Amino acid sequence: MKIIYKIYYEEELKAANLLQLEQEHNQIYGEFNIVFGSQYYLPYPTEETIGKHPEIFSELLLTHFDQMNLVCMSLGEQVTNYVAIRYIESPWVWLEYKRVNDRIFVSEIFHEDGGPNSYVSFEEEYFQRSKKEKIACIPLNELLVEVTRKTNSFIEELQKINPLLSESKAIKSFLSNTRRGDIR
């Protein structure tokens, strides 16, 4: 398993003061992919497709990292053995993580009958009639290590872009959700 991300609008973030960060940058935009073997979940368009307007294809990086950290906390601490996260841009596509002992079974779910109002579900029964495509079976530790490593890398990158990001409400909220607490 591998997480790939790229932050957009670095120059704007770098030049922003705290007020601008609060008013104009309450989310960090960019590319986000999860790769299992050679299969990409949330496949991102090629640079040719994106062209000079990456904002059209921007993902909500704080939200994606927040979801992945929730998956890790839930499965790693055995709060639950099941978590499904909905793709932000598509109300009917979910990524399912199911823990069995120290293995995580990952499937993509296509659920067209509406859905929970949330972007996260802990109810496996809800998706029983949905079409599923198995993606991978990975060790729990592989998931935990990759999410922690990429979250830390993301936080360090934000700190390098603009140290004031650590004072913004959006980043403070994100950090509290990841249990990190600070950006340093």
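Every value quoted in this text rests on a predicted model; they were computed, and no experiment measured them. Computed from heavy atoms alone, side chains included, the values below leave out hydrogens, waters and symmetry copies.
With hydrogens and angles ignored, the 3.5 Å screen pairs a side-chain donor or acceptor of Arg99 with a backbone N or O of Asn101. Under a 3.5 Å cut-off, the side chain of Glu108 and the backbone N or O of Ile135 do not form any donor-acceptor pair. Formation of a donor-acceptor pair under 3.5 Å by the Ser168 side chain with backbone atoms of Leu165 is found in this model. Checked by atom type and distance alone, the side chain of Asp102 never pairs as donor or acceptor with a backbone atom of Leu140 at under 3.5 Å. Side-chain atoms of Ser74 never come within 3.5 Å of backbone atoms of Val71 as a donor-acceptor pair (strictly under, hydrogens ignored). A donor-acceptor pair under 3.5 Å is absent between the side-chain atoms of Thr151 and the main chain of Thr148, judged by distance alone. At distances below 3.5 Å, not a single donor-acceptor pair connects side-chain atoms of Ser107 with backbone N or O atoms of Ile109. No side-chain donor-acceptor contact under 3.5 Å links Asn33 to the backbone of Ile3. At distances below 3.5 Å, not a single donor-acceptor pair connects side-chain atoms of Glu31 with backbone N or O atoms of Ile4. Distance alone, capped at 3.5 Å, is enough to place a donor-acceptor pair between the Gln20 side chain and the Asn17 backbone.
Between Tyr9 and Lys14 there is no side-chain heavy-atom pair separated by less than 4.5 Å. Annotation: side chain of Val83 is not in contact with side chain of Lys98 (no heavy-atom distance under 4.5 Å). Annotation: side chain of Met1 is in contact with side chain of Val147 (closest heavy-atom distance under 4.5 Å).
How far CD of Glu77 is from CG of Leu144: 9.5 Å, rounded to the nearest 0.5 Å. Rounding to the nearest 0.5 Å gives a distance of 12.0 Å between CG of Leu175 and CZ of Phe65. With rounding to the nearest 0.5 Å, the separation of CG in Leu164 from CD in Gln159 is 9.0 Å. Note that CG of Leu60 is 9.5 Å distant from CD of Gln67, once rounded to the nearest 0.5 Å. Taken to the nearest 0.5 Å, the CG atom of Leu13 stands 7.5 Å off from the CD1 atom of Ile7.
Applying the salt bridge (Lys or Arg N to Asp or Glu O under 4.0 Å) criterion to Lys131, with sequence neighbours excluded, gives Glu133.
Cluster membership check: Val106 does not share its hydrophobic cluster with Val145, using side-chain heavy-atom separations under 4.5 Å among Ile, Leu, Val, Met, Phe, Trp and Tyr. Linking ILVMFWY side-chain heavy atoms closer than 4.5 Å, directly or via other members, places Phe122 and Phe105 in two distinct hydrophobic clusters.
Between His64 and Tyr87, the two ring planes are parallel [angle under 30°; tilted spans 30° to 60°].
Glu123 and Tyr82 share no donor-acceptor pair across their side chains, judged by distance under 3.5 Å alone.
Ring centroid separation for the pair Trp94 and Phe127 comes in under the 6.0 Å cut-off. Checked against the 6.0 Å centroid threshold, Phe154 and Tyr5 count as a close aromatic pair.
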